[in-house]
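Numbers restart at 1 for each chain; the letters A, B, ... are given by sequence-line order, proteins then strands. These numbers come from a predicted model, not from an experiment.
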2 protein chains.
Amino acid sequence: MTDVYRALAHPVRRKILAMLRKRAHTAGELADAFDLAKPTLSGHFAVLREAGLVSVERQGTSLIYRINLSVAEEALSSLMNMLGVGAPEAPRKAASKPKGRKS
Amino acid sequence: MTDVYRALAHPVRRKILAMLRKRAHTAGELADAFDLAKPTLSGHFAVLREAGLVSVERQGTSLIYRINLSVAEEALSSLMNMLGVGAPEAPRKAASKPKGRKS
DNA sequence: TCGGTATTTAGGGAATTACCAAATTACTGT
DNA sequence: ACAGTAATTTGGTAATTCCCTAAATACCGA
């Protein structure tokens, strides 16, 4: 679980996950979305892979990255459990945003 | 938000938050729960403070730490939003089976 | 004000992270 | 086999993280 939080701790990696949530992307497509060298992005991909947050499949010369939602949701569950807020198992209704009553 | 994820990325800090969810603790009580030197724990407290995840109040010679649930829940919301979990606009994409986990 | 308790700050070392350019691997079409 | 495209690995440096011991700060009671 530490690997997952660590992976989420970098803004570039969070943006990669957000892009992958919409659809799968090749490594090159993802790399083009950032103003960083490709080896740098390749390193970020490796962190996401090691956390289990993405999976990869070769297609010709390209590598297709996909988000692994079940792992990401586990992190979410763990966080919710730590905070003692409602579980995601049965989100029947749209969860309204918490209104903050303590402060 | 990066500060919050960064703070969550260390197991000691996550355990501190879990302890604080049950009740407020002094710095010394928290430090006693770990096999680490007190200055090390003090550093972890500082990371949590800078992320806004905890607040602190002096009471005599002790410092009382409390979890700041609203900030933690904001991180939760952000994560849920990033994953599209519990959100009204879930993508209806048929998830193709990712067969290979090459690693 | 002095001594004791609680906690942080200062300073330093080992390990990790983030970034880049250059080299390498994997695949495809000819 | 050769050249071209896609992506990773290698090797290097600067910045950051994590942990420690020692010193400083804040508070309290006598």
* Annotated protein contacts, base or backbone, on nucleotides 14-20 of chain C with a non-hydrogen cut-off under 4.0 Å, one of B, S, - each -> ---SSBB
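- One can place CG of B/L63 at 17 Å from P of C/dT5, the figure rounded to the nearest angstrom.
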* I would like to know whether B/K15 and B/V12 meet side chain to side chain contact (heavy atoms under 4.5 Å, CB included); could you show each step before the answer? => CA-CA 5 Å; B/K15 184 170 175 190; B/V12 165; 5.8 Å; no
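- In terms of modelled atom types and a separation under 3.5 Å, the side chain of B/R6 and the main chain of A/A9 share no donor-acceptor contact.
- A ring pair (Phe, Tyr, Trp, His ring centres under 6.0 Å) check over residues 21-79 of chain A, counting only residues at least two apart or in different chains, returns the pairs A/H10-A/H44, A/F45-A/Y65.
- For DNA chain C, the residues of residues 21-28 of chain B within the heavy-atom distance limit of 4.0 Å (strictly under) are B/T26, B/A27, B/G28, sorted by number.
- Using a 4.0 Å heavy-atom criterion, one finds that A/F34 contacts no nucleic acid atom at all.
- The line from CG of A/L83 to CG of B/L20 is 11.5 Å long, rounded to the nearest 0.5 Å.
- For the atom pair CG (A/N68) and CD (A/E73), the distance works out to 10.0 Å, reported to the nearest 0.5 Å.
- A distance of 7.0 Å separates CG of B/N81 from CZ of A/R21, quoted to the nearest 0.5 Å.
- Looking at B/D32 and B/K38, their side chains come closer than 4.5 Å, going by heavy atoms from C-beta outward.
- Distance check, rounded to the nearest 0.5 Å: CD1 of A/I67 to CE of B/M82 gives 6.5 Å.
- Rounding to the nearest 0.5 angstrom, the gap separating the CG atom in B/L41 from the CG atom in B/L36 is 6.0 Å.
- Between B/L69 and A/V85 there is no side-chain heavy-atom pair separated by less than 4.5 Å.
- If you walk DNA chain D from 5' to 3' and mark each nucleotide with an atom closer than 4.0 Å to a heavy atom of chain B, the marks span D/dT17 to D/dC28.
- Distance check: A/T2 OG1 to B/R13 CZ gives 10.0 Å after rounding to the nearest 0.5 Å.
- Here the P atom of nucleotide C/dT7 and the CG atom of B/L48 are 16 Å apart, to the nearest Å.
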Which side-chain N or O atoms in residues 51-63 of chain B pair as donor and acceptor under 3.5 Å with protein atoms at least two apart or in another chain?
residue, atom, partner, partner atom, Å
B/E57, OE1, B/R66, NH1, 3.0
B/R58, NH1, B/G60, O, 3.3

* Structure fact -> Under a 4.0 Å heavy-atom criterion, the protein footprint on nucleotides 25-30 of chain C, written with B, S and -, is -SBS--
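- The side-chain heavy atoms of A/V4 and A/M1, taken from C-beta on, include a pair separated by under 4.5 Å.
- Using a 4.0 Å heavy-atom distance criterion, A/S62 is classed as a sugar-phosphate-only contact.
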